[in-house]
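The structure appears right after this line, and notes come after that.
Labels below follow one simple rule: chain letters A, B, ... track the order of the sequence lines, proteins then strands, and each chain is numbered from 1.
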Amino acid sequence: MPELPEVETVRRHLAERIEGDVIRDVEVRLPRIVRRPALNLFAERLKEQGIRRVGRRGKYLLFQLDQVLLVSHLRMEGRYAVANPSEPELPHTHVVFRLASGRELRYADVRQFGTMDAVLKGEPLPKGLAELGPEPFDPALDGAALHERWRGRRAPIKSMLLDQRQIAGLGNIYVDEALFAAGIHPLTPAGAVGAEELDGLLREIRDVLARAIREGGSSVRSFRDGYGRHGGFQIQLAVYGRAGQPCPRCGGAIQKIKVAGRGTHVCPACQPISVAAPMGTGVNA
DNA sequence: CATGGGTCCTGAGTGC
DNA sequence: TGCACTCAGGACCCAT
């Protein structure tokens, strides 16, 4: 559930608190969180590494250490906390980094979906990170570029927006919100959306992400920042989680459908499926 | 290659 | 009240 705004919120919090500290020791209690390298090497690599910078790319947190890049993905419910050893741990704490300052960086994850990779310079990046598409705020990204890239693609535009190789950082919530704001139906074939319309969509993507970052993210299920605080953006969500409630634009009922296997929120009146579909199969009314 | 569906995992929600 | 069941979904894997 953490998408770009939530990961950015976590990044800012951690950067403030642990940049300049040093990892003394690592305790991994749930091996499945660590993907590479092997468990014993993972802790070994991180020992005595200084934390230079906490960065972000898409939904990945990037801990830039002295000689190692620690790549962390929160997936659904991963959470970090910086705490003193005497403070109680969150339930489901799976990895603990003991820091030179005496504090601990703790990783908790109810769903156990999150991952960590400790990568040395010269080693290949984790696949998902290596193949990541442009950041949504990349100025080189525009409607014309997307239109060209998606030419002939019949997959629903929602699938494309969720595909991290196309654009980095979007997830189920902000895709639904951006498509609603742009007036595009999630099932519209990606290749059928014009360049100008894609410019409008990009504008809405950037707008919704920027507003969500400003609010510290959305807490729809379980998201908390490093202090355990909720984000505040969920109250501004126009369609996500509002099935059956009135559309803020036209007042009609918001529908919930399934797209790409994901719960999808749409206002059928404000988000018509583009008629500029290929070849005259069925035309819609 | 493009596309869609299954999988991991646990807690919250639902219905009887 | 208690219990069985379904759902939630990011990235990855696999079949078509």
Side-chain angles (χ1 to χ4, degrees), chain A residues 1-8 10 29-36 56-62 71-80 89-95 107-117 119 124-133 135-136 146 148-179 186-193 209 212 217-224 230-231 234 237 239-244 255-266 277-278:
Chain A
M1 195 230 73
E3 306 180 31
L4 190 152
E6 291 75 32
V7 178
E8 177 62 19
V10 172
R29 301 171 189 168
L30 185 67
R32 59 174 297 130
I33 300 293
V34 174
R35 295 197 303 187
R36 277 185 310 182
R56 180 194 59 77
R57 177 85 168 85
K59 302 175 198 171
Y60 290 87
L61 277 171
L62 304 176
V71 179
S72 170
H73 199 300
L74 306 175
R75 283 300 220 286
M76 301 302 300
E77 307 203 18
R79 292 169 62 176
Y80 277 101
E89 286 181 357
L90 287 171
H92 308 284
T93 294
H94 302 312
V95 184
Y107 179 76
D109 189 342
V110 173
R111 229 75 157 261
Q112 310 183 6
F113 280 3
T115 60
M116 294 184 192
D117 289 82
V119 183
L125 293 173
K127 193 159 172 285
L129 179 58
E131 296 179 359
L132 211 52
E135 288 289 312
L146 285 181
E148 179 58 31
R149 179 136 201 216
W150 293 346
R151 181 181 305 262
R153 298 292 295 267
R154 286 162 306 148
I157 188 155
K158 172 158 179 174
S159 301
M160 288 301 191
L161 295 174
L162 288 173
D163 183 345
Q164 301 300 299
R165 295 169 301 185
Q166 306 294 324
I167 301 179
L170 296 174
N172 205 38
I173 296 173
Y174 296 110
V175 164
D176 280 6
E177 292 297 311
L179 285 171
L187 283 172
T188 309
V193 185
L209 292 179
S218 301
S219 294
V220 165
R221 272 185 87 83
S222 62
F223 174 72
R224 301 288 188 281
H230 286 78
Q234 62 280 3
L237 296 174
V239 288
Y240 187 87
R242 300 192 60 244
Q255 252 179 23
K256 184 164 181 188
I257 60 176
K258 209 99 176 165
V259 180
R262 298 288 169 254
T264 299
H265 308 76
V266 58

Query raised in the report: According to a strict under-4.0 Å criterion, is A:Gln164 in side-chain N/O contact with OP1 or OP2 of C:dG10?
Result: no
In whole angstroms, the gap separating P of C:dG10 from NZ of A:Lys158 amounts to 8 Å
(message) So, does A:Lys258 get its side chain near the phosphate of B:dG5, meaning an N or O under 4.0 Å from OP1 or OP2?
(response) no
A:Asn172 atom CG is separated from C:dA8 atom P, nearest whole Å, by 9 Å
Check: Backbone N or O of A:His94 within a donor-acceptor pair of the A:Asp109 side chain at under 3.5 Å?
Finding: no
A:Gln112 CD to C:dC12 C1', in whole Å, measures 17 Å
Could you check whether any side-chain N or O of A:Glu177 sits under 3.5 Å from a backbone N or O of A:Val239, counting only pairs where one atom can act as donor and the other as acceptor? yes
Whole-Å distance, A:Lys127 NZ to C:dC13 P, equals 6 Å
Quick note, A:His92 side chain, CB onward, closest among B:dG11, C:dA8, C:dC12 is B:dG11
DNA chain B nearest-nucleotide lookup for A:Ala260 and A:Val110: closer to the 5′ end is A:Ala260
I'd like to check A:Leu4 versus A:Glu135 (side-chain heavy atoms, cut-off strictly below 4.5 Å). Are they in contact?
yes
Donor-acceptor contact below 3.5 Å, side chain A:Gln112 vs main chain A:Arg32:
no
| Is A:Arg75 near enough to B:dC8 that one of its side-chain N or O atoms lies under 4.0 angstrom from OP1 or OP2? | no
Of the listed B:dC9, C:dG9, B:dA2, the closest approach to the A:Tyr240 side chain comes from C:dG9
From CG of A:Asp176 across to P of C:dG10 the rounded distance in Å is 10 Å
Of the listed B:dC8, C:dG10, C:dA8, the closest approach to the A:Arg111 side chain comes from C:dA8
In whole angstroms, the gap separating C1' of B:dG5 from CZ of A:Arg262 amounts to 10 Å
Checklist entry - Contact class for A:Arg35 vs. all strands (heavy atom < 4.0 Å): base, sugar-phosphate, or nothing? => result sugar-phosphate
TODO: Would you tell me if any nitrogen or oxygen in the side chain of A:His73 comes within less than 4.0 Å of OP1 or OP2 on C:dG10?
DONE: no
Of B:dG4, C:dG10, C:dA8, the nucleotide closest to the side chain of A:Lys256 is C:dA8
**Asked** Under 30°, 30 to 60°, or over 60°: which ring-plane class applies to A:Tyr240 and A:His265, parallel, tilted or perpendicular?
**Response** tilted
From CE of A:Met116 across to P of C:dG10 the rounded distance in Å is 19 Å
Quick note, A:Pro156 side chain, CB onward, closest among B:dG4, C:dA8, C:dG10 is B:dG4
A:Asp117 atom CG is separated from C:dC12 atom C1', nearest whole Å, by 13 Å
Regarding A:Gly128, tell me which of base, sugar-phosphate or nothing describes its non-hydrogen contacts under 4.0 Å with the strands shown.
sugar-phosphate
